[in-house]
Amino acid sequence: MLRGKSILLGVSGGIAVYKAAELVRLLVKKGASVHVVMTANAQQFVTPLTFQVLSNNTVGIDLFSVESESRISHIQKARLPDLVLLAPATANLMAKMAAGIADDYLTTILLATTAPVLICPAMNVKMWEHPATQRNLRILGELGHQVQPPAVGSLACQEEGAGRLAELGDILERAVRILTPPTLGGRRVLVSAGPTWESFDPVRFLSNPSSGKMGYALAKIAARRCAQVYLVSGPCFLEAPAGVEQICVTSALDMRDAILRLSPQLDAIVMAAAVSDYRPSQKLPQKLKKVAKELTVLLEPNPDILAALGEVKPATQVLVGFAAETEDLLKNAKDKLVRKNLDFIVANDLSRKGAGFCCDTNEVTIIERNGAVIDLAPMTKEDVASEIWDRVERLLAGVKN
Ligand code: CTP
């Protein structure tokens, strides 16, 4: 997601500077070209050489360095990046920015850049809570800067509270979001994810091994593209992506109710959940004791949520299903596409290695309404999600398939 992007990482002086070194490594791994600028105080914690080696670019440290200014001036450096990331941002750096002070290399660049700025503060909890810091934070927001708030926990100064540099994964995701075009802006979409649990007594249920990873990846990519995202999730123990409205359900009946309540107002629905087709006809009020020699559990069919959505689908709504198959992939998937009145279906061959339940990767075939069959190469579930949303976007824009 960061391939070809230029990121200027401003590092100011706090103990969290050591985490910024790892952040550079992660940004570079994601394909970004990273230029680091350090304040004098930051250099007290970690040397510029560390950042130079990790970023593979010279590190800006001195506004008045004849050598580096002749190669690339601070003004040129301010023009270069697609994003300026400040991690860690100290209370002092934030105060200077709020006041428009430019008295060193980093603050001079900050005043000259027109790139979006993401501030990731890290400091002692009392410094963070101080009215002056909170005032500066408000001013920085008014100036159009974005802030990834510090995490809460134990701090290097032996205190507890807000002030730890945000998790690097959260900083990366926020950076990716800022740099992703908002192609689903103004759209309301719903993704279902995970399995459903169908109880037959208070402590036992029928289910399947769905991890929810495909649905959560779909929600994350839609949120990156600025959609308003509802994630209706069966029990699956994954953290909801930031900015997504997660609605937790347990059974297929709960899932149906949650989805049908929202469906009329949605621009697109992607049913990635592995809904149990059957539920026990009876749910016993107490735990079933191990007395019977043989046990038969009577099942009755659950409603087909996707088919119900297909029946009432507004003309402008895009409806996408998955087909989990172990045989006759194309035939079965095409049949579901037509039977459930879908715009396209994503067919999953569960017998393939690296596809389906629990994996981080998937290998799917997309079948469109016009009969087109597109085999996608094996890829991460996030990449599969991007392919799906690309198609949804085209359909929303009125390009028929
Ligand atoms: N689905 C649903 N409600 C159900 C069962 C499935 O909404 N009760 C949705 C799934 O979320 C998926 C699609 O229908 O998007 C196809 O699910 P799948 O399990 O592949 O097929 P089924 O319709 O259940 O048919 P079968 O089990 O016979 O393959």
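First listed ligand is number 1; within each ligand, the first listed atom is number 1. What you see below is based on every heavy atom in this structure, not just the backbone, and it leaves out hydrogens, waters and symmetry mates.
- Within the model, atoms CG of Leu93 and CG of Asp104 stand 8.0 Å from one another, a figure rounded to the nearest 0.5 Å.
- A salt bridge does not link Glu22 to Lys19: none of the charged nitrogens lies less than 4.0 Å from a carboxylate oxygen.
- Residues Glu325 and Lys336 form a side-chain contact, since some pair of their non-hydrogen atoms from C-beta on lies under 4.5 Å apart.
- Residues in residues 258-270 take part in these side-chain hydrogen bond (donor to acceptor under 3.5 Å, both in side chains) pairs, two or more places apart or across chains: Arg188-Gln265.
- Counting heavy atoms from C-beta outward, Val117 and Met97 have side chains that approach closer than 4.5 Å.
- Here the CG atom belonging to Asp375 is positioned 10.0 Å from the CD1 atom belonging to Ile366, to the nearest 0.5 angstrom.
- Protein residues with a heavy atom under 4.0 Å from ligand 1 are Met271, Ala273, Val275, Asp277, Pro303, Asp304, Ile305, Leu306, Gly321, Phe322, Ala323, Ala324, Lys336, Lys340.
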